[in-house]
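Beneath this line is the structure, given in structure tokens, with notes to follow.
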Amino acid sequence: MSVETPVQPDTETPTQDETLAVDFKSSHRRNVLAWRDLVTPALVALVLVGLYVDISRRDLDTIESNVLNRESLTDATLQHIYVSVSIAVLVMLVAVPAGILVTRRRTRRLAPAVLAVANVGQAAPSLGLLALVGIYAIGFWPVVLILTAYSALSVLRNTIVGLEGVDRGVLDAARGMGMSAAAVLMRVELPLAVPVIGAGARTALVLAVGTVPLGYALDAGGLGLPLFGAIKTNRPVVTFTIAVMIAALALLMDWAAGILQRAATPKGIR
Amino acid sequence: MPENPTTVEPTETGKQTGPAAHDARGVPIVLSELTKTYPGQAKPAVDAVSMEIPAGEIVVLVGPSGCGKTTTMRMVNRLIEPTSGTITIGGDDVTHLDDVQLRRRIGYVIQQIGLIPHLSIAQNVALVPKLLKWDKARIRSRVDEMLTTVGLDPDDYRDRYPRQLSGGQQQRVGVARALAADPPIMLMDEPFGAVDPITRSRLQDEFLSLQQQLGKTIVFVTHDFDEALKLGDRIAVLREGSKIAQYDTPEQILAHPADEFVESFIGEGAALKRLNFERVDSLPLQDDSVQTRETVDVSSTLHAALDLMVGKGLRQVTVARDGRPVGMVRVDDILDRVNRPAEDPTA
């Protein structure tokens, strides 16, 4: 090779250029897991164990013990998780492509329309909508679809913000190197937008966990049915227990999604 | 001027047996009647620019901000599509080639550097070779070679991420990345604009010595006339609409500015700046009967010699070649030269 080294890195005296550099070994690159990730599950576990101990000491009547037993609570919780995750996945499948669409140069003008639709989805009273749809259709899909419309906005907005937040210089260089538009999107823009899109997805998931109980009347399963049943039959112990469980579930799902989000974030920007 | 390959092709295929097979020397770029009018604007941002950029030279486009110099440069790799006019690179009309393919054969360095933050330094440098589907071993050795070329130890830097590097180091990687696929031409948009002055001047020096070996054709955009003087084989001073006010060598522009606009752009000290382009041994040396304590090398510029004399309060200074005195240069000789520019250095 005809090119020779114009400078000798070992012999040159360091200038500002070199001394300003962050030392590689001491740099604080974050790992996916950290000790503080234990805080949320520990607190949640503490509360749930306390609740369990308290309830197991009580004398429960038939209605109460029909709900507050391991089998039915596990079933309801698993259903709740299933419905919520379905909503979150569906939200991602709809809102991320929509966000990509409205940030492309050619389809940018669709942005106001898409955002308007998403805004309506969130602004429409979901309980009312659920009741209305419940007249015509019940079960898993009506609930999932309505609540997807309800929580799509957060992912859509974050996708747009995340994609638009990618450094212009990085995009210019990537295009200037000869990456196609699709390659820039898949290999530069989306990876760099993962933290922001992920934050939106977490919001959507938490929203879903919190709103799935509203679908109790549509028979989609989850912790909504026992919760509202307890309210109707005036069983405060059950109401309280289920409410705490829903809150704990929201916290845990958010916690798990947070770790997932960090794992999906490329190493260089973590 | 180096030998010109007739096409831009050599970087594109896997024909080269290894990275050391050869380096693509520069090829000429010709812009003719190149125009860019943005929609909704009456005045073109770039108005029918025609210029020839000789192979293997650094041509600096310099002008006030908004004059269209960056737009002109970005039309060469079609990041901006020209409204009309043509661009030929090495004799081939590239105005209608596939723009993505075209860019892989043109090095691109920008002020914001634009290293991809989630890719390691090695992955950043490997970007274009990967797009060109080089095999892995070849890419790996090329990455190491390029990092070495820009003065970064591959073992130390290969696996780092961009944010772990200083601005100056990042721009070295930027240059390595642009050179990785060995393009015959490079576009550089204020590449050293965002680093501190000390680093900038060092990067400029290294860039010049690198270019001496590589002989690429380089289009370099800056608003800093002193940078243009330092780096350019030729300078195009542009006014609004990217109209060429003067296109000539730095020496000629300093000695004979075309008009007031160019003069105003040169700013003060044109005479002194000119001294940067002449070496001490271009002057007839006086005999060295009078020894002075201070010496300059024959290869020093007149500017450096004068600076030394002004600084030390001397009227003359010994000139040395390889450390041995060969004569002497006086302040008056330099002043004469400034007032009677060097058409005929023996006069």
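Treat the numbers as computed from the prediction; the structure is a model and nothing was measured.
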For B:L102, is it the side chain, the backbone, both, or neither that has a heavy atom closer than 4.5 Å to a heavy atom of chain A?
-> neither
Side-chain heavy atoms of A:M179 within contact of B:V100, under 4.5 Å = no
Quick one: does B:R104's side chain have a donor or acceptor within less than 3.5 Å of a partner on A:G178's backbone?
-> yes
What's the shortest heavy-atom distance between B:R74 and A:D172, and which atoms?
-> NH1-OD1, 2.8 Å
Smallest separation among heavy atoms of B:G114 and A:A173, with atom names = O-CB, 3.4 Å
Residue A:R168 excluded, over 12 heavy atoms near CZ under 6.0 Å | no
Contact winner vs chain B - A:A181, A:G176, A:A174, heavy-atom pairs under 4.5 Å = A:G176
Answer yes or no: does atom OH of A:Y82 have more than 12 heavy-atom neighbours from other residues, nucleotides or ligands under 6.0 Å?
-> no
Measure across B:L127 and A:M177 and return the closest heavy-atom pair with its distance rounded to 0.1 Å.
-> CD2-CG, 3.6 Å
Of the listed A:V166, A:T265, A:L192, the one with the largest count of heavy-atom pairs under 4.5 Å with chain B is A:L192
If every non-hydrogen atom of A:G169 is compared with every non-hydrogen atom of B:I110, which pair is closest and at what distance?
-> O-CD1, 3.4 Å
B:L79, part contacting chain A, at a heavy-atom distance under 4.5 Å | both
Quick one: which of A:V184, A:L171, A:V170 gives a side-chain contact (heavy atoms from CB on, under 4.5 Å) with B:I116?
-> A:V170
So does B:K130 have more than 12 non-hydrogen atoms from other groups sitting under 6.0 Å from NZ?
-> no
What part of B:L119 gets closer than 4.5 Å to chain A, counting heavy atoms only: side chain, backbone, both or neither?
-> neither
Contact origin within B:L115 toward chain A - heavy atom pairs under 4.5 Å | backbone
Heavy atoms, side chains only, cut-off 4.5 Å: are B:H118 and A:K267 in contact?
-> no
